[in-house]
Amino acid sequence: MTPPSKGLLFLCLLFFSSIITLSTKSTHHRHHRHHQAHPLDPLTPSELELARAIASDSFPGSPRRNLTFHYVGLDEPDKPLLLSWLSAPSLSRPLPRRALVIARADKRTHELTIDLSARRVDSARVHAGHGFPMLTFKEQAAASSLARRYPPFLESMRKRGLKAEEVTCGCFTVGWYGQEARKVGRTVKVMCYYLDGTVNLYMRPVEGVTVTVDLDEMRIVGFVDRVTVPVPKADGTDYSGSQKRVGPALKPIGVVQPEGPSFTVDGHMIRWANWEFHLSFDVRAGPIISLASIYDSEKQKFRRVMYRGFISELFVPYMDLTEEWYYRTFFDAGEYGFGLCAMQLEPLRDCPENAVFMDAYIAGQDGKPIKMSNVFCVFERYAGDIMWRHTELGIPGKVIREVRPEVNLVVRMVSTVGNYDYIVDWEFKQSGSIKATVGLTGLLEVRGSKYTNNDQIMDEEYGVLLAENTLGTRHDHFLIFHLDLDIDGDSNSFVKSVFKQTPVTDRQSPRKSYWSVVSETAKTESNAKIKLGSEQAELLVVNPGKKTNVGNTVGYRLIPGSITRPLLSDDDYAQIRGAFTNYNMWVTPYNKSEKWAGGLYTDQSHGDDTLDTWTQRNRGIENKDIVLWYTLGFHHAPYQEDFPLMPTLSSGFELRPANFFESNPVLRVVPPKVVKWPNCSIPAVI
Ligand SMILES: *[C@@H]1O[C@H](CO)[C@@H](O)[C@H](O)[C@H]1NC(C)=O
Ligand SMILES: *[C@@H]1O[C@H](CO)[C@@H](O)[C@H](O)[C@H]1NC(C)=O
Ligand SMILES: [Cu+2]
C-alpha cells in the first residue's frame with residue numbers, strides 16, 4: 001500500500017512528463033461548455049500560480065530559495081456563506097476565492113491562507129505541533145537517488161551479486177514510536193527492489209538494507225545492512241502486456257449510447273437523471289463530492305442529501321515486527337497524497353467507452369501548476385442489473401410482468417500509492433442511493449526470505465509464503481469517509497435503530513419471540529461511536545424537523561459493507577496515530593477545520609489531532625449540522641492468488657433513503673430506449 005518506491009516515482013514522473021505531450025489525446029466526448037465558476041471549484045492553473053507567487057513573496061530573503069510546496073488547495077468558503085450564496089447565485093456577488101498553502105522553508109512548516117481575490121496573505125503561521133506535511137514526489141525521487149549513489153549501499157548490492165543499474169528504490173515514512181521528533185528529524189527510510197528480468201519490482205525486495213534520509217537537508221543520515229536473504233526470482237512475477245495469455249478469449253462486448261450519455265458536465269457540476277452534484281479534486285483526498293441533491297418529482301424540487309463526501313484518510317499498518325518492517329504504518333492520504341497519486345485513466349480499460357474524462361491541476365513542489373489528465377471518469381453503468389421487478393401470476397387469466405433495468409452514474413478515480421492501486425467509485429442511483437466502493441488491486445508488499453517451502457517455517461514470519469523466498473506480509477487497509485450529510489437541510493440527528501429479540505411471555509400467541517426495533521437518538525459524540533457487529537442495528541441520519549405525509553421522520557441510512565475493526569492494542573503507537581479506526585462510525589458537529597481524521601500533519605504525527613481526540617470533547621450532535629464518519633476496513637491476510645498481482649477486492653457502503661420519499665421514487669422512472677442493432681432480433685419472451 002504504500003511506499004512509493006522508485007516504481008511509483010518513476011511512474012508518476014513519467015506520467016507528469018507524458019501529460020504535457022499527451023494532454024489532448026484519448027478523451028472521448030469531452031464537454032466543452034462555457035460555465036460560470038463555482039465557489040467549490042478546485043484552484044485553476046492561474047489561481048495556483050497566483051497562490052505560489054503570493055506565498056513566495058511572503059518569504060523574504062534566502063529561505064525563499066528553498067521554499068517547497070506540500071499542499072496547495074481550495075480553502076472553501078464557510079458553509080453558511082456558501083449556502084446563502086447558493087440560494088441566489090445569480091444575484092449575489094462572487095464569493096472570494098481562497099487558497100490554503102502548506103509549505104516548508106527553513107526546516108519549518110508554514111501554513112498560509114491566501115485571499116486570491118484580494119491578492120494577499122490572510123493568515124500565516126508556523127506549525128508548532130508534531131507532524132510534518134505530505135511528501136512531494138520530487139523529494140522522494142531525490143532521496144531515492146541519493147541512496148542509489150551511496151558507496152556503502154553500492155557495496156551492499158555488490159556483496160549480494162546485484163547489478164546496481166537494476167536496483168530501484170522508494171521512500172517509506174517512518175511513523176512514530178515514542179521518540180522525540182527533534183531527534184528523528186523529517187526523515188524517511190529508503191528501501192530497494194531489484195528489476196533484472198521483470199517489471200514487478202515489488203516482488204523482488206532487496207531485504208535487509210535500509211538507508212535513512214533527512215528530507216530537509218537531503219542527505220543520508222543512517223545506513224544499515226543487517227541481514228542477507230535471497231532476492232526472490234523474477235520468474236512468474238511479470239504482469240505486463242507482453243506476457244503470453246492463456247485460456248479462451250471472450251467475444252467482443254461493449255456499452256453503446258448512440259445518442260451520447262444522459263448526463264451533462266457543466267464545469268464541475270454534474271447533472272444526471274434526478275441527481276446533481278459538484279465534483280472536485282483535492283491533492284490529498286482525491287475526489288470530493290459536494291452539494292449532492294436529488295429531484296423529488298412529487299415535491300417538484302431538489303432536496304439536499306450530502307453537502308460533502310470524501311475519503312479523509314487511509315491507514316495501512318503492517319503486522320511485521322522485523323527491523324525493516326515494524327515502522328510500516330502508512331497514511332496514504334496524509335503522507336503520500338491520495339489525490340497526488342491519482343493515475344491517468346485509460347479509456348476503454350479503466351473506464352467503459354461511454355465515459356467522459358476530466359482533468360485536474362495540482363501544484364508541484366515548486367508551486368507551479370501541473371496538469372493531471374483524465375484523473376476522473378464519469379459514466380453510466382449498465383451492467384444487466386434489475387432496478388425492480390415483479391411477475392404476478394395470482395390474477396386469473398392474466399400475467400403481469402414489470403421489470404426496470406438499472407442504470408447508474410459512476411464517478412471513478414484510481415490512486416496508485418506505490419505498490420497498491422485503489423479504485424474509488426462514487427455511484428448514484430435513481431432510487432436515491434449513493435454508493436461508494438473501493439477496490440484494492442495492484443501489488444502486495446512482500447518480504448524476501450530464505451524459505452522456499454512452508455514446511456521450513458517454524459517461527460512467526462508475519463505472513464504467508466506466496467512463492468519461493470516471498471512472504472506476503474499481513475496488513476490492514478482502513479479508509480475513513482467524511483460524510484457531511486444534510487438531509488433536507490442541515491439540522492440533522494443521528495439515530496441508531498436497534499433490532500431486539502423480544503420474548504413473548506403472556507401466552508397470547510403460540511409464538512415465543514419476535515424482533516422489534518428500538519430507536520435511540522444520539523445526544524452527544526460519545527453516543528455515536530459505534531463498533532459494528534456487536535449488536536444488530538441500522539444507522540440513520542434524519543432531519544427531525546421534516547416528516548413524511550404519514551408522519552415518519554425523513555432520513556437516510558448508511559449500510560456498511562464492512563465491519564472490520566483494528567486488532568492493534570490501544571496503546572500501540574501506530575494505533576494512537578490511526579485512532580480514527582477505533583470505531584466504525586462516528587458523528588461530529590460540523591467544523592470546517594475537522595477534515596483530516598488522522599490529523600492535518602500526519603507524517604510522524606503523535607496522534608494528538610485525530611477524530612478520536614476531537615470527539616473527546618463530547619459535543620452535542622442532536623438536531624445540528626452533523627458529519628458522519630465511516631471506517632471501511634480490510635484485514636489483508638494474503639493468499640497465493642494475490643501473487644504476483646492481486647485481482648480486485650472490493651467493499652464499500654450505501655447511503656439509502658429511509659422515509660425520505662413518500663413512496664418508491666423509481667416506480668415511474670422512464671427506462672432507457674433499447675439500442676437497435678442491425679441484423680439482430682431480441683429473443684422472444686415466452
Ligand atoms: C537550501 O538548500 C540547500 C541544499 O539543499 C542547503 O545547502 C542550504 O543550506 C539551504 N538553505 C537554507 C536557507 O535553508
Ligand atoms: C473546530 O475544531 C478545531 C479542531 O478540533 C478546534 O480547535 C476548534 O475549537 C473548533 N471550532 C469550534 C467552533 O468548535
Ligand atoms: Cu492489502
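Predicted model, so just to flag it, every value in this text is computed and none were measured. We count ligands from 1, going down the list as the structure has it; atoms in each ligand are counted the same way.
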Step by step, would you call Arg284 with Asp332 a salt bridge (charged side-chain N to carboxylate O under 4.0 Å, His left out)?
CA-CA 9 Å; Arg284 178 162 179 166; Asp332 283 348; over 6 Å; no

Ser593 N/O to ligand 2 N/O under 3.5 Å:
yes

Please give the atom name: the N, O or S atom of His477 nearest to the Cu ion (ligand 3).
NE2

Looking only at N, O or S atoms in His636, which is nearest to the Cu ion (ligand 3)?
ND1

Tell me whether the Cu ion (ligand 3) has Met646 as a neighbour, meaning an N, O or S atom of it below 2.8 Å.
no

Establish, yes or no, whether a centroid distance under 6.0 Å links the rings of Tyr420 and His477.
yes

Out of curiosity, is Arg617 lining ligand 2, as in a heavy atom under 4.0 Å away?
yes

Any protein heavy atom at under 4.0 Å, with atom 6 (C) of ligand 2 as the reference point?
yes

Could you tell me whether atom 14 (O) of ligand 2 has a protein heavy atom closer than 4.0 Å?
yes

for atom 2 (O) of ligand 2, nearest protein heavy atom and its distance come out as Asn591 ND2, 2.2 Å

Which heavy atom of the protein is the closest neighbour of atom 4 (C) of ligand 2, given with residue, atom name and distance?
Glu594 OE2, 3.6 Å

By ring pair (Phe, Tyr, Trp, His ring centres under 6.0 Å), Phe580 pairs with (sequence neighbours left out) none

Tell me every residue that passes ring pair (Phe, Tyr, Trp, His ring centres under 6.0 Å) with Tyr177, counting only those two or more places apart in sequence or in another chain.
Tyr326

Taking the Cu ion (ligand 3) as the vertex, what is the angle from NE2 of His475 to OH of Tyr420, given to 10 degrees?
120°

Tell me whether the guanidinium CZ or amine NZ of Lys531 lies under 6.0 angstrom from the six-membered ring centre of Tyr583 and within 45° of its axis.
yes

If we check side chain to side chain contact (heavy atoms under 4.5 Å, CB included) with Pro317, which of these qualifies: Asp572, Thr329, Leu567?
Thr329

Pair Asn591, Trp614: side-chain N/O donor-acceptor within cut-off below 3.5 Å
no

